[in-house]
Peer 1: 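Below are the structure tokens for one structure; questions will follow.
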Amino acid sequence: MSQRTDFVYSAKQEPHRLRTKQILQQHPEVRKLIGKNKYTFFAVLGLVLLQVALAWVVKDRSWWIVAGVAYLVGAFADHSLFVMIHECAHHLLFKNRAANRLTGILANLPQLFPSSISFERYHIKHHSFQGVHELDADLPNRWEAKLINNYFIGKVIWLLFYPLFQTFRISRLREIKPFDKWVALNWVACAVFIAAIWYFFGPKAIVYLLASFFFSVGLHPLGARWIQEHYLTHDDQQETFSYYGVLNAVAFNVGYHNEHHDFPSIPWNKLPLIKKSAPDYYDTLASHKSWTVLFFRFLFDKEISLYSRIVRKERGKVALTDESRPDMDLLAGQAQAHNPQQSPAGIAAATTAPAL
């Protein structure tokens with residue numbers, strides 16, 4: 001690879017729907033993994049309580065301890081909460097959508113910034129329209145890529161303030177409705193939580209939670225996750241990468257990113273089973289073994305920049321209202337072909353595995 005001055009443009013559709021179809025045809029046992037995991041709620045509750053407890057523990061400590069606990073413990077807890085929000089965005093806990101969204105708001109509280117509901121809205125479009133600049137919030141803005149380019153100090157600033165750079169992307173995604181009553185509820189819940197923490201614990205507790213949030217997604221080895229998922233770190237062909245390192249154990253398997261894009265209706269605890277069921281598809285793909293190695297490689301390797309992304313204009317035949325369930329849609333289509341009299345709703349219910 002060489003230093004880039006623009007994104008990599010592709011005339012092809014995103015690769016995941018085709019691979020989903022092929023895997024379902026050749027490995028039909030994978031369909032048994034589709035379902036919900038209601039027990040994820042207890043992970044959410046435990047992580048929220050952990051962050052509140054740590055905020056209480058550090059409220060009267062030195063600033064060095066506040067920062068140290070945030071970097072060494074709080075960042076991991078908040079990163080796991082992001083994964084929980086991600087599960088809620090895909091409605092992988094409960095059949096009831098409201099229950100998933102309320103759980104996502106709960107997971108969002110220690111992060112202070114109200115983002116769970118908005119994340120669902122934009123993340124689903126990332127799945128449905130991967131690489132389409134007008135709809136994929138995961139892609140950097142053009143000015144963002146030009147500003148940061150491949151400079152070390154620029155990458156440091158970008159990682160440190162990654163949530164802010166993501167916020168700036170919203171203005172270009174004009175086809176996505178940014179606000180509704182659910183977003184309002186998310187804002188109110190976070191505001192009440194912040195007021196309560198400030199009143200009962202004091203300002204150092206707020207600083208701890210704030211630092212945990214920024215470390216969890218930014219200038220920390222965990223921040224390499226954002227590079228791992230879709231940045232072109234090997235060649236110009238493969239645009240999604242998985243991570244198979246040890247931190248998956250504390251990050252709820254979020255590193256299994258190719259598997260997740262191929263089967264977004266399968267919950268976090270069964271993602272490794274997709275790879276195990278279809279090794280012929282995943283063992284041949286390039287992947288990452290260490291977020292820490294990738295973190296430092298991103299900072300120092302001038303061949304990797306924010307331009308190291310594939311973009312496309314081809315949306316395929318996907319509707320703007322698509323809910324990003326290619327695995328469920330394909331199974332529903334197969335079932336309907338065998339039983340034309342069955343309704344789409346009945347097919348979806350029949351192809352959904354029972355809650356875990």
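Just so we're clear, the structure is a prediction, and the values are computed from it rather than from any experiment.
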Peer 1: At what distance, to the nearest 0.5 angstrom, does NZ of Lys302 lie from CG of Asn149?
Peer 2: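 Atom-to-atom, Lys302:NZ and Asn149:CG are 9.5 Å apart.
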Peer 1: Could you give the distance from OG (Ser118) to NZ (Lys177), rounded to the nearest 0.5 Å?
Peer 2: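 Answer for the OG-NZ pair, Ser118 versus Lys177, is 12.0 Å.
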Peer 1: Is there a side chain to side chain contact (heavy atoms under 4.5 Å, CB included) between Arg312 and Glu239 once you walk through the steps?
Peer 2: CA-CA 12 Å; Arg312 55 175 50 83; Glu239 59 186 285; 2.8 Å; yes
Peer 1: Answer yes or no: is there a donor N or O on one side and an acceptor on the other, between the side chain of Lys95 and the main chain of Lys36, under 3.5 Å?
Peer 2: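 Absent.
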Peer 1: Carefully, step by step, assess Arg225 and Leu247 under the rule side chain to side chain contact (heavy atoms under 4.5 Å, CB included).
Peer 2: CA-CA 11 Å; Arg225 172 189 160 191; Leu247 289 180; over 6 Å; no
Peer 1: Are Arg325 and Pro264 packed together at the side-chain level, in the sense that at least one heavy-atom pair is separated by less than 4.5 angstrom?
Peer 2: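 Arg325 does not reach Pro264 side chain to side chain.
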Peer 1: Does any N or O in the side chain of Lys59 come within less than 3.5 Å of the main-chain N or O of Phe200, such that one atom is a donor and the other an acceptor?
Peer 2: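 The answer is no, because no donor-acceptor pair under 3.5 Å joins these two groups.
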Peer 1: Quick one: closest heavy-atom pair of Tyr122 and Ala137, and the distance?
Peer 2: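 Taking Tyr122 first and Ala137 second, the nearest heavy atoms are CB-CB, 4.1 Å.
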Peer 1: Looking at every non-hydrogen atom in both residues, tell me the closest pair between Ala189 and Ile105 and how far apart they are.
Peer 2: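 Shortest heavy-atom contact: CB-CG2, 3.7 Å.
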Peer 1: If only side-chain N and O atoms count, and only distance matters, is there a donor-acceptor pair under 3.5 Å linking Tyr282 with Asp262?
Peer 2: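 Yes, Tyr282 and Asp262 have a side-chain donor paired with an acceptor closer than 3.5 Å.
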Peer 1: Does Glu134 use its side chain to pair, donor to acceptor, with the backbone of Arg174 at less than 3.5 Å?
Peer 2: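 No, the answer is negative, given that no donor and acceptor are paired below the 3.5 Å cut-off.
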Peer 1: Assign the ring pair His126 / His257 to parallel, tilted or perpendicular, where the plane angle (0 to 90°) is split at 30° and 60°.
Peer 2: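 Plane angle under 30°, so parallel.
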Peer 1: Would a distance-only check, ignoring hydrogens and angles, find a side-chain to backbone donor-acceptor pair under 3.5 Å from Asn258 to His261?
Peer 2: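 Absent.
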Peer 1: Is there a donor-acceptor pair under 3.5 Å between the side chain of Asn100 and the backbone N or O of Phe94?
Peer 2: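 Looks like yes, one N/O pair under 3.5 Å.
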Peer 1: Taking the six-membered ring for Trp, are His79 and Trp226 parallel (under 30°), tilted (30 to 60°) or perpendicular (over 60°)?
Peer 2: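 Tilted: the ring planes of His79 and Trp226 meet at 30° to 60°.
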Peer 1: Considering non-hydrogen atoms only, spot the tightest contact between Phe263 and Thr20 and give its length.
Peer 2: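 For Phe263 and Thr20, the tightest heavy-atom pair comes out as CE2-CG2, 3.9 Å.
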Peer 1: Hey, mind stepping through Tyr256 and Ile274 against side chain to side chain contact (heavy atoms under 4.5 Å, CB included) and telling me if it holds?
Peer 2: CA-CA 9 Å; Tyr256 287 80; Ile274 303 173; over 6 Å; no
Peer 1: Could you check whether any side-chain N or O of Glu120 sits under 3.5 Å from a backbone N or O of Arg101, counting only pairs where one atom can act as donor and the other as acceptor?
Peer 2: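 Flag not set: sc Glu120 to bb Arg101 has no pair under 3.5 Å.
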Peer 1: Can you tell if the side chain of Gln51 reaches within under 4.5 Å of the side chain of Tyr208, non-hydrogen atoms only?
Peer 2: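 Side-chain contact under 4.5 Å: yes.
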Peer 1: Is there a path of hydrophobic side-chain contacts, each under 4.5 Å between heavy atoms of I/L/V/M/F/W/Y residues, joining Leu47 to Phe82?
Peer 2: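 Linked within one cluster.
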Peer 1: Verify the cluster assignment for Phe193 and Leu81: are they in a single hydrophobic cluster under the rule of side-chain heavy atoms below 4.5 Å apart?
Peer 2: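 The answer is yes; both residues are in one hydrophobic cluster.
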Peer 1: Taking the side chain as everything from C-beta on, heavy atoms only, tell me whether Phe113 gets closer than 4.5 Å to Thr167.
Peer 2: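 Counting from C-beta outward, Phe113 and Thr167 never come under 4.5 Å.
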Peer 1: Working to the nearest 0.5 Å, report the span between CH2 of Trp158 and CG of Leu219.
Peer 2: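 Nearest 0.5 Å value for the CH2-CG distance: 11.5 Å.
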Peer 1: How about Phe152: does its CZ atom have over 12 heavy atoms from other parts shown lying under 6.0 Å from it?
Peer 2: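 Enclosed: over 12 neighbouring heavy atoms sit under 6.0 Å from CZ of Phe152.
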Peer 1: Quick one: does Cys190's side chain get under 4.5 Å of Leu109's, heavy atoms only?
Peer 2: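 Side chain of Cys190 against side chain of Leu109, heavy atoms only: contact under 4.5 Å found.
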Peer 1: Is there a donor-acceptor contact under 3.5 Å from the side chain of Asn186 to the main chain of Ile117?
Peer 2: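 Yes; at least one donor-acceptor contact below 3.5 Å.
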Peer 1: Taking atom OH of Tyr199 as the centre, report whether more than 12 heavy atoms of other residues, nucleotides or ligands fall under 6.0 Å from it.
Peer 2: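 No, the 6.0 Å shell around OH holds no more than 12 heavy atoms from other groups.
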Peer 1: Does Thr240 form a side-chain hydrogen bond (donor to acceptor under 3.5 Å, both in side chains) with Gln130? I'd like the steps, not just the answer.
Peer 2: CA-CA 10 Å; Thr240 304; Gln130 181 176 313; 3.2 Å; yes
Peer 1: Fit a plane to each ring of Phe215 and Tyr71, take the angle between them on a 0 to 90° scale, and name the class: parallel (under 30°), tilted (30 to 60°) or perpendicular (over 60°).
Peer 2: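 Ring orientation, 0 to 90° scale: perpendicular.
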Peer 1: If every non-hydrogen atom of Met84 is compared with every non-hydrogen atom of Ala43, which pair is closest and at what distance?
Peer 2: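 Closest approach of Met84 to Ala43, heavy atoms only: SD-CB, 4.0 Å.
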Peer 1: Just by distance, do the side chain of Asn253 and the backbone of Leu271 share a donor-acceptor pair under 3.5 Å?
Peer 2: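 Side chain of Asn253 to backbone of Leu271: no pair is present.
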Peer 1: Identify the heavy atoms of Ser242 and Glu259 that sit nearest to each other, and give their distance.
Peer 2: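 Of all heavy-atom pairs spanning Ser242 and Glu259, the closest is OG-OE1, 2.7 Å.
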Peer 1: Could you check whether any side-chain heavy atom of His86 comes within less than 4.5 Å of a side-chain heavy atom of His90, counting everything from C-beta outward?
Peer 2: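 In short, these two side chains touch, coming nearer than 4.5 Å.
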Peer 1: Give the minimum heavy-atom separation between Ala11 and Glu314, together with the two atoms involved.
Peer 2: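 Heavy atoms only, the tightest pair is O-CB, 4.3 Å.
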Peer 1: Check whether the side chains of Ser115 and Gln166 place a donor and an acceptor atom closer than 3.5 Å, and report yes or no.
Peer 2: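 Gln166 and Ser115 do not have a side-chain donor-acceptor pair below 3.5 Å.
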Peer 1: Distance from Phe129 atom CZ to Leu173 atom CG, nearest 0.5 Å?
Peer 2: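 Atom-to-atom, Phe129:CZ and Leu173:CG are 12.0 Å apart.
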Peer 1: So if you build clusters from Ile, Leu, Val, Met, Phe, Trp, Tyr with side-chain heavy-atom gaps below 4.5 Å, do Phe42 and Val44 land together?
Peer 2: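 Phe42 and Val44: one cluster.
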Peer 1: Taking NZ, NE, NH1 and NH2 as the nitrogens, is one of them in Glu144 or Arg309 under 4.0 Å from a carboxylate oxygen of the other?
Peer 2: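 Not counted as a salt bridge, because no side-chain N and carboxylate O are separated by less than 4.0 Å.
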Peer 1: Ring pair (Phe, Tyr, Trp, His ring centres under 6.0 Å), that's the test. Do His234 and His288 meet it? Break it down for me.
Peer 2: CA-CA 10 Å; His234 289 74; His288 295 282; 5.3 Å; yes
Peer 1: Does Thr233 offer a backbone N or O that forms a donor-acceptor pair with the side chain of Arg297 under 3.5 Å?
Peer 2: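 Yes, the answer is positive, given that a donor and an acceptor are paired below the 3.5 Å cut-off.
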Peer 1: Roughly how far, to the nearest 0.5 Å, is CD1 of Ile197 from CG of Leu210?
Peer 2: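 So the gap between those two atoms works out to 13.0 Å.
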Peer 1: In plain terms, say whether Arg4 and Asp236 are close enough for a salt bridge, that is, a side-chain N and a carboxylate O under 4.0 Å apart.
Peer 2: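 So Arg4 pairs with Asp236 through a salt bridge.
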Peer 1: Is any side-chain heavy atom of Phe213 less than 4.5 Å from a side-chain heavy atom of Asp78?
Peer 2: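 When only atoms from C-beta onward are counted, Asp78 and Phe213 do touch, with a gap below 4.5 Å.
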Peer 1: Determine, using the 4.5 Å side-chain heavy-atom cutoff (strictly less than), whether Val293 and Phe241 are members of one ILVMFWY cluster.
Peer 2: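 Different clusters: Val293 never reaches Phe241 through Ile, Leu, Val, Met, Phe, Trp or Tyr contacts under 4.5 Å.
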Peer 1: Kindly assign one of parallel, tilted or perpendicular to the pair Phe165 and Trp143, based on the angle between their ring planes and the thresholds 30° and 60°.
Peer 2: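 Ring orientation of Phe165 relative to Trp143: tilted.
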Peer 1: Tell me, yes or no, whether the heavy-atom count around Lys21 atom NZ, taken from other residues, nucleotides or ligands under 6.0 Å, exceeds 12.
Peer 2: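 No, NZ of Lys21 has 12 or fewer neighbouring heavy atoms, counting only those of other groups under 6.0 Å.
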Peer 1: Transitively linked via ILVMFWY side-chain contacts under 4.5 Å: Leu164 with Tyr151?
Peer 2: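 Different clusters.
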Peer 1: Looking only at side-chain N and O atoms, does Asp322 offer a donor or acceptor that is under 3.5 Å from a partner on His127?
Peer 2: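 Checked: His127/Asp322 side chains show no N/O donor-acceptor pair below 3.5 Å.
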Peer 1: Count the heavy atoms belonging to other residues, nucleotides or ligands that lie under 6.0 Å from CD of Gln237, then report whether that count exceeds 12.
Peer 2: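 For Gln237, atom CD is not crowded (no more than 12 foreign heavy atoms under 6.0 Å).
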Peer 1: Mind checking whether Phe296 and Ser290 have side chains closer than 4.5 Å, heavy atoms only?
Peer 2: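 Of all side-chain heavy-atom pairs linking Ser290 with Phe296, none is under 4.5 Å.
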Peer 1: How long is the straight-line distance from CG of Leu139 back to NE2 of His230, given to the nearest 0.5 Å?
Peer 2: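 Those atoms lie 9.0 Å apart.
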Peer 1: Below 4.5 Å, heavy atoms only, C-beta onward: do Glu229 and Tyr243 meet side chain to side chain?
Peer 2: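 Counting from C-beta outward, Glu229 and Tyr243 never come under 4.5 Å.
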Peer 1: Is it true that a side-chain atom of Gln228 and a backbone atom of Leu294 form a donor plus acceptor pair closer than 3.5 Å?
Peer 2: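 No, Gln228 side chain to Leu294 backbone: no donor-acceptor pair under 3.5 Å.
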Peer 1: Between Glu323 and Arg97, does at least one N-O distance fall below 4.0 Å, as a salt bridge requires?
Peer 2: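 Yes, Glu323 and Arg97 are salt-bridged.
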Peer 1: Might you work through the side chain to side chain contact (heavy atoms under 4.5 Å, CB included) test for His133 and Arg142, ending with a clear yes or no?
Peer 2: CA-CA 9 Å; His133 208 255; Arg142 298 183 189 281; 3.9 Å; yes
